[in-house]
Amino acid sequence: MNETKKAALDRRYARMALIWAENSYCERRKVGALVVKNNMIISDGYNGTPTGFENICEDENNVSKPYVLHAEANAITKLARSSNSSDGATLYVTASPCIECAKLIIQSGIKRVIYTEQYRLTDGVDLLRRAGIEVEYLDLNTDK
């Protein structure tokens with residue numbers, strides 16, 4: 001695939017992850033993720049509570065409840081319940097991964113991560129790069 005087509009697909013999948021984030025019930029921050037392999041979406045996720053829990057992410061002090069799952073974790077664990085493999089896949093996520101999600105990404109065999117919003121902590125991105133995973137920030141506010 002040529003670089004122009006690859007960049008165009010990256011932008012489309014990143015925009016789709018942004019739209020998918022709208023499914024989140026979280027008030028403070030909505031995050032979406034897509035796992036793509038061979039130009040097919042094989043999993044998706046958004047931040048929220050585990051299956052069967054009430055769809056309320058924050059406590060009375062507007063602090064995220066400790067059991068809220070990040071979008072990347074939801075997408076990766078959803079793969080565990082399917083017949084798909086994330087080995088060699090690309091993860092599109094609307095916020096840069098935290099350290100905990102970075103560990104899941106590494107272990108899942110995902111080889112590339114595209115994110116559209118920089119988080120204040122970079123330890124997750126740093127760990128992904130240390131593991132040899134291609135990581136790229138994609139600014140959707142610029143024309144390219």
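Values below: every heavy atom of this structure, side chains too, minus hydrogens, waters and symmetry copies.
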- Item | Check: Asn84 side chain, Leu79 main-chain N or O, donor-acceptor pair, under 3.5 Å |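 Answer holds: no.
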- Message: If you apply the rule side chain to side chain contact (heavy atoms under 4.5 Å, CB included), what do you find for Leu140 with Arg15, and how did you get there?
- Response: CA-CA 8 Å; Leu140 292 179; Arg15 287 194 315 266; 4.0 Å; yes
- Could you name each residue pair satisfying side-chain hydrogen bond (donor to acceptor under 3.5 Å, both in side chains) that touches residues 29-42, not counting sequence neighbours?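 Of all non-adjacent pairs touching residues 29-42, those that pass side-chain hydrogen bond (donor to acceptor under 3.5 Å, both in side chains) are Arg29-Glu117.
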- Task: If a pair satisfies side-chain hydrogen bond (donor to acceptor under 3.5 Å, both in side chains) and one of its residues is in residues 87-98, list it, with sequence neighbours excluded.
- Result: Asp10-Tyr92
Would a single hydrophobic cluster contain both [Y] and [X], if residues Ile, Leu, Val, Met, Phe, Trp and Tyr are joined by side-chain heavy-atom contacts under 4.5 Å?
| X | Y | result |
| --- | --- | --- |
| Leu69 | Leu34 | no |
| Tyr13 | Val35 | no |
| Ile105 | Val135 | yes |
| Val125 | Ile99 | yes |
| Ile42 | Val113 | yes |

Could you measure the distance from the [atom1] atom of [X] to the [atom2] atom of [Y]? Nearest 0.5 Å is fine.
| X | Y | atom1 | atom2 | answer |
| --- | --- | --- | --- | --- |
| Glu134 | Lys111 | CD | NZ | 12.0 Å |
| Lys78 | Asn74 | NZ | CG | 7.5 Å |
| Lys103 | Ser108 | NZ | OG | 14.0 Å |

- Item | Linked hydrophobic residues, Val63 as query - side chain contacts closer than 4.5 Å |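 None; Val63 is a cluster of one.
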- Query: Got a sec, which hydrophobics cluster with Ile56, joining ILVMFWY side chains under 4.5 Å apart, including via others?
  - Reply: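 Answer for Ile56: none, a lone residue.
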In chain order, what residues pass the side-chain contact (heavy atoms from CB on, under 4.5 Å) check against [X], with sequence neighbours excluded?
| X | value |
| --- | --- |
| Ala33 | Ala71, Ala75, Leu91, Val93 |
| Leu104 | Ala73, Ile76 |
| Ile106 | Leu127, Leu128, Ala131, Ile133 |

Heavy-atom pair of closest approach, residues [X] and [Y]:
| X | Y | answer |
| --- | --- | --- |
| Glu27 | Glu58 | N-OE2, 2.9 Å |
| Ala102 | Gly124 | CB-O, 3.4 Å |
| Arg28 | Ser64 | NH1-OG, 3.0 Å |
| Thr142 | Asp139 | OG1-O, 3.1 Å |

- How about Gln107: does its CD atom have over 12 heavy atoms from other parts shown lying under 6.0 Å from it?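 No - once you tally the heavy atoms of other residues, nucleotides and ligands closer than 6.0 Å, there are 12 at most.
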- Check ring-ring contact (aromatic ring centres under 6.0 Å, His included) between Tyr137 and all other residues, then give those that pass, not counting sequence neighbours.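 With neighbours one apart ignored, the set is Tyr115.
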- Residues passing the ring-ring contact (aromatic ring centres under 6.0 Å, His included) test with Phe53, sequence neighbours excluded, are Tyr67
- Restricting to pairs with a member in residues 77-125, which pass disulfide (SG to SG under 2.5 Å), not counting sequence neighbours?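 Matches after skipping sequence neighbours: none remain.
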- Sequence neighbours excluded, every pair satisfying disulfide (SG to SG under 2.5 Å) that has a member inside residues 8-91: Cys26-Cys57
- Only pairs at least two apart or in different chains count here, so list each ring pair (Phe, Tyr, Trp, His ring centres under 6.0 Å) that has a residue in residues 93-114. none
- Item | Presence of salt bridge, Glu54 and Lys65, under 4.0 angstrom |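 Yes, this pair counts.
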- Which of these passes side chain to side chain contact (heavy atoms under 4.5 Å, CB included) with Val36: Asp44, Leu9, Ile41?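 The side chain to side chain contact (heavy atoms under 4.5 Å, CB included) with Val36 is passed solely by Ile41 among Asp44, Leu9, Ile41.
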